[in-house]
Amino acid sequence: MKKVEMLYEGKAKKVYTTEDPDVLIVDYKDDATAFDGQKKGTIVGKGAINNRMTNHIFKLFEKDGIPTHYIEELSDRETAVKKVEIIPLEVIIRNITAGSFAKKMGVEEGIVLKRPTLEFSYKNDDLHDPFINRYYALALDLATEEEIDTIEKYAFQVNEIMKKYFDSLGIDLVDFKIEFGRYKGQVILADEVSPDTCRLWDKETHEKLDKDRFRRDMGNVEDAYNEVFRRLGIEDRK
Ligand code: TMP
């Protein structure tokens, strides 16, 4: 599978067309941004870690019947994926209070929630990804009711799979963001699952092993990404 031309360059990935109109190649960068791109930096090795971690986890989802865009890992940083039409909703699931939830709700970080929450942000950089609910999404025709039902069902299933899996690696899954796309009439999981898009805390020490180290200038950012990758036990590519 070969890249034909660059279709799009995002903050963390480049996306290329291929000879197959249904297939794209994503190429993960080491670039990191936060706060709507206001803060910029590099996390050395992040592209390869996020690519390989996403593929590893998407394969777990597929095994449990959750469809994803994953086709084939082509290199450390490149993966062939199904070309979806992204549904412009960021889907955020939380198990433990942190980040914008803690701030908005006036609670400390680190409280285990009585049950997981789900929220949507409208994927729109000009508007800074505002909070949006099901009724807004339907009224603005961003997705159908059936699609939103499917998204919510998959999102909670993905949470259960990941919570259990990260727990076995000595990590608490605090919260995460996922995105879905439309592919041949189906809703499937797209984008990535990585320390960029999840909050991952060591179960014992509560050390942050995710992008908050970059967002909050905590140092040892690369070490955190490498530690998560090491615990995943993904074998070297041949
Ligand atoms: P938040 O607490 O800042 O709302 O973030 C919730 C989760 O979503 C957290 O795991 C980080 C992830 N996230 C993204 O993946 N992209 C984003 O642009 C933001 C703001 C958060």
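Just so it is clear, the structure is predicted and the values come from calculations on it, not from any experiment. Just follow the structure's listing: the first ligand is 1, and inside any ligand the first atom is 1. If you read the sequence from its start, that first residue is 1, and numbering goes on from there.
- Among Asp223, Asp210, Asp196, the single residue meeting the salt bridge (charged side-chain N to carboxylate O under 4.0 Å, His left out) criterion with Lys46 is Asp196.
- Taking the charged nitrogens against the carboxylate oxygens, Glu227 and Arg231 do have a contact shorter than 4.0 Å, which makes a salt bridge.
- The option from Glu90, Arg199, Arg215 that lies nearest to atom 3 (O) of ligand 1, judged by heavy atoms, is Arg199.
- Using a 4.0 Å cut-off between a side-chain N of Lys or Arg and a carboxylate O of Asp or Glu, Lys13 and Asp191 qualify as a salt bridge.
- At under 3.5 Å, a nitrogen or oxygen of Ser100, whether backbone or side chain, sits near a nitrogen or oxygen of ligand 1.
- Two rings, from Phe61 and His56, have their centers 6.0 Å or more apart.
- With Tyr8 as the aromatic partner, Lys14 does not meet the cation-pi criteria of under 6.0 angstrom to the ring centre and within 45 degrees of the ring axis.
- When distances from atom 19 (C) of ligand 1 to the protein are checked, no heavy atom turns up under 4.0 Å.
- Residue contacts with ligand 1 for Ser121 are absent, since no atom lies close enough (heavy atoms, distance under 4.0 Å).
- Ligand 1 has no atom lying under 4.0 Å from any heavy atom of Asp210.
- Scanning all protein heavy atoms for the shortest distance to atom 8 (O) of ligand 1 gives Lys177 CB, 3.5 Å.
- Protein heavy atom nearest atom 7 (C) of ligand 1, with residue, atom name and distance: Asp175 OD1, 3.7 Å.
- Residue Thr197 has at least one heavy-atom neighbour below 4.0 Å for each of these atoms of ligand 1: 10 (O), 12 (C), 15 (O).
- Between Asp212 and Arg216, at least one side-chain N (NZ, or NE/NH1/NH2) sits under 4.0 Å from a carboxylate O, which counts as a salt bridge.
- Near Asp196, meaning under 4.0 Å from any of its heavy atoms, are these atoms of ligand 1: 15 (O).
- Residue contact check: Phe176 has heavy atoms under 4.0 Å from atoms 10 (O) of ligand 1.
- From Ile148, atom CD1 reaches atom CD of Glu146 across 11.0 Å, with rounding to the nearest 0.5 Å.
- The pair Lys123-Asp129 does not meet the salt-bridge criterion, since no charged nitrogen lies less than 4.0 angstrom from a carboxylate oxygen.
- Considering backbone and side-chain atoms alike, Arg94 places an N or O below 3.5 Å from some N or O of ligand 1.
- In summary, the atoms of ligand 1 found under 4.0 Å from a heavy atom of Gly99, numbered by their order in the structure, are 2 (O).
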